[in-house]
Structures are given as structure tokens and as C-alpha cells.
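So the structure is just underneath, and the comments pick up after that.
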Amino acid sequence: MIQKPKGTYDVFDREGKKILYLQKLFSSLMEKYNYEYVRTPVFEMSELFHRGVGDTTDIVTKETYDFIDRGGRGMTLRPEGTAGVVRSFIENKMYGRATQPVKVWYGETMYRYERPQSGRYREFYQLGVEVFGSTDPMIDAEVISIPVQFYQLLGLKGIKVHINSLGDKESRLAYKNALLEHFKPYLDTLCEDCKERYHKNPLRILDCKIDADKEIMKNAPKMQDYLNEESKTYYENVKKYLDSLGISYIETPNLVRGLDYYSHTVFEVEASVEGFGSQNVLCGGGRYDGLVEMLDGPSTPGVGFALGLERLLTALEFEKIDLLGESGIDIYVIPMDDTKEYTIRITNILRMNGFNVDTDMMNRNIKGNFKQADRLNAKYVMIIGSEELNSQILTIKDNKTQEEFKIKEENLIDFFDEKIEVEE
Ligand code: ATP
Ligand code: MG
């Protein structure tokens, strides 16, 4: 038997329902914030990610799915959402719109060749947003508020927001030099990756998972001490807006995040429930003011985040939050004798009037059909035998109370409209 590739999973049954629920909730939240939906290709020219995500990130150096297409072009399955959205922003000239900033959201599968473990897959799903064109710290706070609001709507309690500022270019340069000096005498004690990061992008050393607990990491210089006045003010303003939103946060000086392109604000949201496990970062994001220009667009500031769906589902389970509640269909229609043509017509009419309806396709007997109605958790059962067919008076049973109704076909919709609340 052929099995699914390592690190992937199928979505079905309750999992499918939960995922649809989360996607719907997120999309309705995005409507409230006035973000527009975008979708970009699952594969892009490899160069996009090498330049966009950065050549010193694990994502690009170790984790991409690369392939040569039949035309000999180097392609990569998207490992994250931002680079593709930025490409689309530039290619579709969204920077020319009158309605700046451009605020978009996406929900897509991502691909990374990682070691599969709990909370870490090779194909996984991210919801995210990107905002282009504004350097107002208010937008940073808005972007941070979205996942926080989303998790709150879902009822998650154990979440912590970590924030930090990487400052502007000038501040980062000063900080980089301080880091180079700090780590220089200890270079031999760092892991192989960090040795390379030291030369290519020393900030990323702070994001190392292997060296994280070493003393030399803990007493590394702090970004805060290298922020220039402008960067400091920017950071203070972001925090001020978070305060007005009533969002509590933890300032985490070592937070640099995995991607090369961040500036000023960076943040992560963590599920901080005991025993949750080590893959506890639910969401990450920040400001990337240089990225659009780096990908050949006009100099445009940007800020965004991405949240993982799999870890969110685990967090919800962990906090015993049931997304589905009692689910079931509105009406189960039972054809008896030879009434299938009438049954399929009535079933369709009910569906088109907004009810969730199913009927028998397995030629069950009446007992089997009532069992099926119970399995589907149907609110009402409608029986269509030859008597109903001839009289066009339908027999309906409340599947809970067993109360029986005789309703004329022409009054059917009115009857159910009164009994069943139709979801918009
Ligand atoms: P980590 O440090 O855990 O590897 P990351 O920094 O690589 O995370 P991002 O690129 O910031 O993660 O992605 C944002 C979110 O996407 C993460 O917080 C996580 O919820 C989710 N995510 C990232 N990689 C995976 C994966 N391999 N499987 C499942 N979810 C993932
Ligand atoms: Mg990672």
C-alpha cells in the first residue's frame, strides 16, 4: 500500500471540520480588520526565496523543497508566505493603489524539509497577513493584535506575546558589530551553524536552538542598548498602542526570529501551558522595511505575521476547547416504497432554502434509516412513502421528542423556517 509522505497528514472527519471552522473564523476576522484575501502559487522561482527569505536562514539553507521543472527552471515549494506575497505586491503594482496601506491576508500550505515531530511537519498550514506602505507604529500594534484577538475569540488562555525591536539599519549595524566583538573569543565553542552565522548574519546566532543555554548567549549584548533615538521612539510607540489595546506583552531582548529581513518590531506568540511541548510558538512576525526593495520593488515598508494551524489545534486540544460542539444535520429524508424521484426533488428544495439535508442512498429499510438519522444527529426526520407522495402531505418527526407533524408540501419551508435556525 502506498503511504503518505513523511511529515504530511490527511485532513478528514473532525479534523476537517475544525480546520474549516478556524479558516472561516479567521476570514471573518479579516473582514472586520479590512484585509483583502490573496493567494499566490505553491511554487515560485527558487531565487525569490533565496533573496527574499535569506541565504543564512535554516528555512532556505536546509529546509526548502527545490526542483528543476521540465523547462529547466529552478523552482521551490513555498516555505513561508511573505516572499510570494511581496512578489505579487510588486508584480501587480499594488504600491500604485490610492488606498494605502495595502493590507492582505492568506491561508496556505507551506513546505519545509524538517525532521518531523509533534508540531513540526513537512507540509503545514499557515494563516498570515502582510501590510505594505505604512511606517506608523499603530499598524505594528494592529498586526500583533490580530493573532491575539483570534486566539482570544477561540478561548485560548495560556498565551504569551513576546516582543522585541531590531531597530533601523543604523542601530542594527552597531549591534552587529557589538555581537561580533562579543562572540569572537568564543567562536570555537559555538555550533557549526553559528560559526557560519557569525560571518554572514551574526544576529541569527541569538536564534540558535543548540547554543541557546550557553552562558555566552545569555550575557550577549542587548539590542536595546544599541537602538538609536528614532528606533527607540518607534518601539515605545508600538508598546503604547499595545497598552491601549489592553494586550500584555513580554519584552524579550534575544528574540530575533528566523528570517533575515526583519527590522524594528519582531514578535512571537507562545502557548505557555505546562507540558505543551517544545514546539510551543504558535505565531511569529514583524516588520520588514527592506524586503520589497530587495525584491526589486519600490522602497516600501512592510509588516506581517504567520500563525501555524497545527500547533493551534494542539493548543486548543490541550486547553480542552471544543470547536465543534454538537454538530449534525437539520433534516434526514427517508424514501419508502418507490418515492425516490419525489424524494430527490424535495431534498433539493430544502437544501436550496438553506437547510442541511441528507437522504438515503443505501436502500436501507425503515429501521436502518432511523439509525442513520441518529448517527447523523438529524434534528428532524421526514418520511416519504406512497401515501405522502399521493397526498403531498409529508410526515415529519422531531428526532429528539418523537413528536409527529403532518405538513402540506406547500407549507414545508414555512414549517422548517419556524423550527430551525438557518446559519447565514
Ligand atoms: P520554529 O522556530 O518552531 O521552527 P519558525 O521560526 O521556523 O518556527 P515561522 O517561519 O515564523 O516559524 O512560522 C510561523 C509559525 O508557523 C510558527 O510559529 C509555527 O506555528 C508554524 N510552523 C513553522 N514551521 C512549522 C512546521 N514545520 N510544522 C508546523 N508548523 C510550523
Ligand atoms: Mg523553523
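Position 1 is the first residue of the sequence; numbering continues from there. What you see is a predicted model, and the numbers here were worked out from it, not measured in a lab. In each ligand, atom 1 is the first atom listed, and ligand 1 is the first ligand listed.
Under the 6.0 Å cut-off for aromatic ring centres, Y95 and F132 do not qualify, their centroids lying 6.0 Å or more apart. Aromatic ring centres of Y33 and W105 lie farther apart than the 6.0 Å criterion allows. Residues Y121 and Y9 place their aromatic rings such that the two centres sit under 6.0 Å apart.
Of the candidates R120, E80, Q126, it is Q126 that places a heavy atom closest to atom 13 (O) of ligand 1. Among G308, C283, G119, the residue whose heavy atom lies closest to atom 29 (C) of ligand 1 is G119.
Residue E114 has at least one heavy-atom neighbour below 4.0 Å for each of these atoms of ligand 1: 24 (N), 25 (C), 26 (C), 27 (N). The atoms of ligand 1 that sit less than 4.0 Å from any heavy atom of A306 are 14 (C), 15 (C). Residue-ligand proximity, L282 to ligand 1, at heavy-atom distances under 4.0 Å covers atoms 18 (O), 20 (O). Close approach to V281 involves these atoms of ligand 1, each under 4.0 Å from a residue heavy atom: 17 (C), 18 (O), 19 (C), 20 (O).
Between Q279 and ligand 1, a contact under 3.5 Å exists for no N or O pair. Of the polar atoms of E268, none of the N or O atoms is found under 3.5 Å from an N or O of ligand 1, judged by distance alone.
At least one heavy atom of R311 sits closer than 4.0 Å to an atom of ligand 1. Between K209 and ligand 1 there is a heavy-atom distance shorter than 4.0 Å.
Looking at D374 and K371, no side-chain N of the basic residue comes within less than 4.0 Å of a carboxylate O on the acidic one, giving no salt bridge. Using a cut-off of 4.0 Å between Lys/Arg side-chain N and Asp/Glu carboxylate O, K195 and E192 are scored as salt-bridged.
Relative to the six-membered ring of Y113, R122 meets both conditions, a distance below 6.0 Å and an angle of at most 45° to the axis. In this structure, K239 satisfies the cation-pi test against Y235, with its NZ or CZ atom closer than 6.0 Å to the six-membered ring centre and inside 45 degrees of the ring normal.
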